[in-house]
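Working notes, structure below.
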Number of protein chains: 2
Amino acid sequence: MPEKSTGSKIIGAAEELFYEHGLRSVSVDMIAERAGVTKRTLYYHFDSKDDLIEAYLQARDNPTIERYRTWLGAADRPMPDRIRHLFSCLAEYAGQPNWRGCGFTRAAIELIDMPGHPAVIMAADHKKRFEAWLARAFEEAGTAGPALLGQQVVTLIEGAIAQILVHRDVSYARVAGQAAALLVAAASTGDIATGEATTRHGTARQKEAV
Amino acid sequence: MPEKSTGSKIIGAAEELFYEHGLRSVSVDMIAERAGVTKRTLYYHFDSKDDLIEAYLQARDNPTIERYRTWLGAADRPMPDRIRHLFSCLAEYAGQPNWRGCGFTRAAIELIDMPGHPAVIMAADHKKRFEAWLARAFEEAGTAGPALLGQQVVTLIEGAIAQILVHRDVSYARVAGQAAALLVAAASTGDIATGEATTRHGTARQKEAV
DNA sequence: GTCTATAATGAGATAGAC
DNA sequence: GTCTATCTCATTATAGAC
């Protein structure tokens with residue numbers, strides 16, 4: 001098999017460093033050193049640091065969505081269970097010591113004063129595609145209101161990630177998973193969780209545990 | 001009334017700039033200029049930029065929680081309605097052109113490679129107190145499982161803020177509010193939204209609208 | 001307490017040889 | 001394509017006068 005190309009070595013180094021320490025804290029020098037090349041070589045392969053940032057997110061795009069696809073699992077189980085499983089996997093994944101939240105959201109925040117930055121655009125696009133994938137999974141499972149449910153569940157995922165990051169407490173993934181499963185279950189019974197009506201006569205029930 | 005002190009002028013400038021552009025993008029020079037003092041004067045009042053960052057978050061702490069307290073409103077209405085109202089207010093607030101998400105979460109992310117930074121500690125502490133306040137409100141309203149519900153609702157708030165920030169679309173606050181109201185309503189009926197049991201026999205219902 | 005002026009450092013990016 | 005060496009600029013922080 002072929003030697004790893006210089007370009008991909010640089011991207012690999014950028015991935016590790018940007019994700020672990022953030023975009024602004026990591027210098028081009030650090031990336032070059034980690035990649036085992038000089039800065040001049042790095043600039044031969046990439047035009048600028050912004051270019052590297054873009055490549056970093058690009059490299060994470062597909063793997064991230066595929067990871068969630070695996071977590072959701074096949075359609076041979078009820079959707080609420082699959083969703084709970086997804087959040088359960090997230091909890092385990094986020095418990096790893098080198099986990100640092102969502103690289104896309106973090107990029108959007110770090111580059112908040114550069115709305116036109118390619119990485120910011122890419123982050124929004126990535127999240128839209130992720131939401132669309134999830135909504136589609138709901139649709140295929142015959143869940144009512146798949147688009148709305150997609151919005152709600154990605155919001156729970158996003159919130160759980162932020163809370164885990166701030167508190168270093170993965171339990172937020174589990175409680176978010178319970179919430180998501182309840183929403184999905186409510187929709188699965190044929191109801192649509194939207195609108196402004198009161199829900200006080202709802203009777204969604206979950207057995208007590210944990 | 002007394003003239004605004006130099007110290008508070010500096011903090012005011014730091015607040016505006018840090019919140020709008022982020023911690024790393026804003027230089028001490030910019031803050032000094034905005035405050036109408038020289039850099040030397042700034043360093044007379046604050047030891048370092050990190051010190052300024054801390055003061056910036058400190059200044060936002062109480063106002064932020066009070067804002068949510070107002071949004072939740074008095075206890076003269078059913079809790080699901082109050083929660084929906086809170087998210088509705090968030091949607092309107094986040095629609096303002098100078099809104100930039102949660103300063104605490106953003107600080108935690110920008111300073112992700114400095115886990116011991118005072119601002120990072122303060123962010124976690126702020127969010128814990130916020131969650132405790134919300135859980136207490138549920139408790140006072142007699143809702144079952146107030147602590148769990150507090151976790152779930154803050155997770156929805158956090159997620160909605162992140163999504164709005166990335167997509168510049170306040171509708172995430174509304175759908176998150178619907179989800180939160182449903183969770184609260186489910187708990188209000190005496191159920192506790194926890195555990196691992198399937199929820200497929202739940203029948204929480206919300207009228208379709210919007 | 002506030003000013004002008006200046007360190008001291010680290011960053012992104014480039015020159016030109018091989 | 002990769003190297004050594006350097007440029008240019010922004011940034012945090014400080015010196016010393018008034």
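Sequence lines set the chain letters: A, B, ... in the order given, protein chains first and strands last, and positions in each chain run from 1.
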Starting from [atom2] on [N], measure out to [atom1] on [X] and report it in whole angstrom.
| X | N | atom1 | atom2 | value |
| --- | --- | --- | --- | --- |
| M114(B) | dT12(D) | CE | P | 13 Å |
| K49(A) | dC9(D) | NZ | P | 19 Å |
| Y44(A) | dA17(C) | OH | C1' | 16 Å |
| M30(A) | dG12(C) | CE | P | 10 Å |
| I31(B) | dT11(D) | CD1 | P | 11 Å |
| D50(A) | dG12(C) | CG | P | 10 Å |
| K4(A) | dG1(D) | NZ | P | 18 Å |
| D29(B) | dT11(D) | CG | P | 7 Å |

* Apply salt bridge (Lys or Arg N to Asp or Glu O under 4.0 Å) to R84(A) and D81(A), showing your working. => CA-CA 5 Å; R84(A) 223 186 331 260; D81(A) 290 353; 3.0 Å; yes
* Side-chain N or O of T6(B) closer than 4.0 Å to phosphate OP1/OP2 of dT2(C) ->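 Checking dT2(C) against T6(B), a side-chain N or O does come within under 4.0 Å of OP1 or OP2.
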[options]: which one has an atom nearest the side-chain heavy atoms of [X]?
| X | options | value |
| --- | --- | --- |
| T38(A) | dA13(C), dG1(C), dT4(D) | dT4(D) |
| K39(B) | dG1(D), dG12(C), dA13(D) | dA13(D) |
| T41(B) | dC3(C), dT2(D), dG1(C) | dC3(C) |
| Y43(A) | dT2(D), dA13(D), dA13(C) | dA13(C) |
| H45(A) | dT12(D), dT2(D), dT2(C) | dT2(D) |

* Asked: Between R67(B) and Y93(B), do the side chains contain an N or O donor and an N or O acceptor separated by less than 3.5 Å?
  -> yes
* **Side chains of S171(B) and D169(B), donor plus acceptor under 3.5 Å** => yes
* Base, sugar-phosphate, or nothing for S27(B), non-hydrogen atoms under 4.0 angstrom? -> sugar-phosphate
* Asked: With no hydrogens and no angle check, is any side-chain donor or acceptor of T70(A) less than 3.5 Å from a backbone partner on E66(A)?
  -> yes
* Counting only distance, no hydrogens or angles, is the base of dA13(D) paired donor-acceptor with the side chain of R40(B) under 3.5 Å? ->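 Absent.
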* Asked: Is the NZ or CZ atom of R60(B) positioned over Y19(B)'s six-membered ring, under 6.0 angstrom from the centre and within 45° of the axis?
  ->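 Yes, R60(B) and Y19(B) form such a contact.
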